[in-house]
Amino acid sequence: MDIKAIERKWQQQWEKARLNNFDRKSDAPKYYVLEMFSYPSGAKLHIGHWYNYGPTDSYARFKRMQGYNVFQPMGFDAFGLPAENYAIKTGVHPKDSTEKNIATMENQLKAMGAMFDWSAEIKTCEESYYKWTQWMFLQLYKKGLAYRKEAPVNWCPSCQTVLANEQVVDGRCERCSTEVVRKNLTQWFLKITEYAEELLSGLDTLDWPEKTKNMQRNWIGRSTGCEIEFESERGDKIRVYTTRCDTVFGVTYIVLAPEHPLARKLTTPEQHDAVEAYIENASKCTEIERLSSTREKTGVFTGSYAINPVNGRKIPVYLADYVLATYGTGAVMAVPAHDERDFAFATKYGLPIEKVIEKQGGETELPFTEDGIVRGSVEFDGLFGEEARDAIAAHISKLGKGGKKVNYRLRDWLVSRQRYWGAPIPVIHCPVCGVVPVPEKDLPVRLPYDVEFRPDGKSPLAKHEKFMSAPCPVCGRAARRDPDTLDTFVCSSWYFLRYTDAHNDREPFSREEADRLMPVDTYVGGAEHACMHLLYARFLVKALRDMGYLDFDEPFKRLVHQGVILGPDGNRMSKSHGNIVSPDEYVQEYGADAFRLYLMFGFSYTEGGPWNDDGIKAIAKFLDRVEKLVAKVRDMKVPRDAQPYGAEEKALDYARNFAIARVTRDLESFSFNTAIARIMELVNAIVKYDALPVKNAALLKATVTDLVLLLAPCAPHTCEELWEMLGGKFSVFEKKYPVEDPAALVLDEKEYAVQVNSKIVCRAMFPSSAQNAEVEELARVLPEVQEKTAGKAVKKCIVVPGRLVNLIVG
RNA sequence: GCGGAUAUGGCGAAAUUGGCAGACGCGACGGACUUAGGAUCCGUUGGGCAACCGUGCAGGUUCAAGUCCUGUUAUCCGCACCA
């Protein structure tokens, strides 16, 4: 077969027949298969793209053949830093390089032979798309879910922009690995924390990998504790958050984060210089320095004291950077006897350590951080763990000094970026009216082309006078636009909604189309997005639902992560490792089908692994074998008279139906490697049958036909061609996927493993209908069994129907 | 430090969820067809001469363990002063 010609032929036919498009008129149940769209970074598809899109497309085709009206769109996450950095290096404008890359990738994606519905294609950098990204922002703003505040933010000195918490990895920029520093800036935030509880509880309803759900749970980080109000001697109220209020009688000092609003107010004149120096120093630390938990704790005394509300004790107030300003209340009560950090700090600064919890039935060694029995806490003595916390929290509540409180580690999502290649934030800053959203009728706020994007810490757009100056929409006075652009994760948080109604120019999507096609039934993409894209998208969907634009709670019903294909050396493919394997030569030599099939067969889909091409020739050979079978039965005459149907035919029919059942099950669960293995077994069975002198031509032909149908989702071009060879009508993808005949799967006899004292003695065929007692009898009389059991009593017999019989003698 | 995942032939990997370990494929070996090579086809292929032994390692539960439990090692991933 001329692979290239066949690929071209069928790709053209599919396009002509609009076979890949979602059928908006069909009554068939919809099925939305989505692969994470790609960033057009390099011009060419790499193995990762093929690995994500090829097998998933086979899944989509499989669902289609099962009778679903499948929607599988594709697009480009086109805004973002790489294009801009490339521009800085080479002078090629991000828009130009991005468009060029997209054009190349589109062609390559089409050559893959995937059934993408290109009529719904979107590119996030196009005005027709980012107009609605800006619209999203405005709706969030109206709803009070977007706000501006000055806050210490993560600043990447190399990318010259702020980063969201999620984009900081080990204190370094996720993108360029530069150490992140903290900077106080006024920035836009989205109030994702408002949805913390629902983002957490919603996970239970999702068919996602447990690991990913756990990562999100962890990231959201819910904890139940208690807020307690301490009062300084001068009457300042200091609220602390603790999960261990059962230790409150053991508090020996209080610690505030250096950025705490009361830090300076509580400082006495004598301590002024020391405190100022400490605060100054803390602010200069990089994230890395500060995050290191092995680093010795430092702090400074403010000179003030506070009163413990439960026992009236006077305790000193310290500042220390081991307390985080952004979590809880930014202040903690220190119980050195029962917290390792407090213990280390107290030891260093000579602060008292007071034991108020005792280990149950054992020596209490400090710091003792587990649950134990309360001591030295008046009426609470003797209570244990949770019980003690409940009682003490109730007591604090009664005193009017706080009470139970739930906290989350999740922070609001920082979305301002001081970069050019993104969607401008649709806001105008008026000297009189303040922050004014751009009226929806004026959207999009266009991203100008002629911009100096060399970074200098300010947004490139800030230097574009024509862009910056705009009249205030409220009062008409001269005002300034917001010079920042939106984090690209905002663009990708709703693209799956836009696909459902990609050409709507009146709204981002119609509610009708979204409700009809959403949620995504199966979403496939890399695991690295667990706490970013996948969390942001869930948040936005919930926010849109609450604003009345949608009628569902979760965007992605089922989630699958493909594994990572590593370089042949076992490392991640990268230029620096010099281990990048390009798919192009393989596709050129063996064809798209063989390459896709190899990716499916050679790896466990969710595992991935090091690349090696040992088996790819075998896959090409396998396709040849299938073709030979088709060629052979194509012209085979089926006689009118009755066909033979004996043991061989029954075996073939069994193989055929067994393959149908297993392939169907395996494709459904993304076990592509075993699905293909089952198809290979079927081919082996057909070849074996075909070698017989007398054959049932009708059965043989029907089996080969099923083989082509079974394989079609995995080798689409080849099977479309083979289908045509068999005289089938275009297209094979409009045929029903085979369904097994349960009757053919019932065998007269089954092979049992026969064991004596759990050791295999022999194998034997017993009737499938045999009951356990019968199996036991049949097994007992086998000569091999007789030999082993001679003269011994059978004490017990275990029968696993259809599989195994075990006689225990002694 | 905490949490999670993984560990199976020379290699990629399977194993109806506690029931014949190694399906399917690669590679290797032998053979057929060939002047030869290639292609194709047919066998054999965990180890051991055997009894037996074999799923990272050490224990345990069970008639039966790759699968469950306890401990341990290695690799990968996530979180990391979250009070």
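By convention in this document, chain letters (A, B, ...) are assigned in the order of the sequence lines, proteins followed by strands, and residues within each chain are numbered from 1. Treat the numbers as computed from the prediction; the structure is a model and nothing was measured.
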Pairs under 3.5 angstrom, nitrogen or oxygen only, protein versus nucleotides 59-67 of chain B, please.
residue, atom, partner, partner atom, Å
B/rC63, O2', A/S758, OG, 2.2
B/rC63, O2, A/N806, ND2, 2.7

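A/K788 pairs by the salt bridge (charged side-chain N to carboxylate O under 4.0 Å, His left out) definition with nothing, not counting sequence neighbours. The salt bridge (charged side-chain N to carboxylate O under 4.0 Å, His left out) test applied to A/R313 returns A/E354, not counting sequence neighbours. Legend: residues meeting side-chain contact (heavy atoms from CB on, under 4.5 Å) with A/V374, ordered by chain and number and at least two apart, are A/D246, A/I357, A/S377, A/F380, A/D381, A/A388.
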(message) Base contacts versus sugar-phosphate-only contacts with protein, heavy atoms under 4.0 Å: please encode nucleotides 24-31 of chain B as B, S and - from 5' to 3'.
(response) BSS-----

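Among the candidates A/D342, A/V310, A/V332, A/N308, the single residue satisfying the side chain to side chain contact (heavy atoms under 4.5 Å, CB included) test with A/V251 is A/N308.
For the strand RNA chain B, secondary-structure stems (runs of at least three Watson-Crick or G-U pairs, all distances below 3.5 Å) span B:1-7 with B:73-79, B:10-12 with B:24-26, B:27-32 with B:40-45, B:56-60 with B:68-72.
Between A/C531 and A/Y327, the residue anchored closer to the 5' end of RNA chain B is A/C531, taking for each the nucleotide with the nearest heavy atom.
At the heavy-atom level, A/S671 lies nowhere under 4.0 Å from the strands shown. Residue-level contact check: A/G330 touches neither bases nor backbone, having no heavy atom under 4.0 Å from any strand. At the heavy-atom level, A/I760 lies under 4.0 Å from the strands shown only through sugar-phosphate atoms.
Contact between the side-chain N/O atoms of A/N612 and the OP1/OP2 oxygens of B/rC11 is not found at any separation under 4.0 Å.
Counted by atom type alone, A/N806 and A/S758 present one or more donor-acceptor pairs between their side chains at under 3.5 Å.
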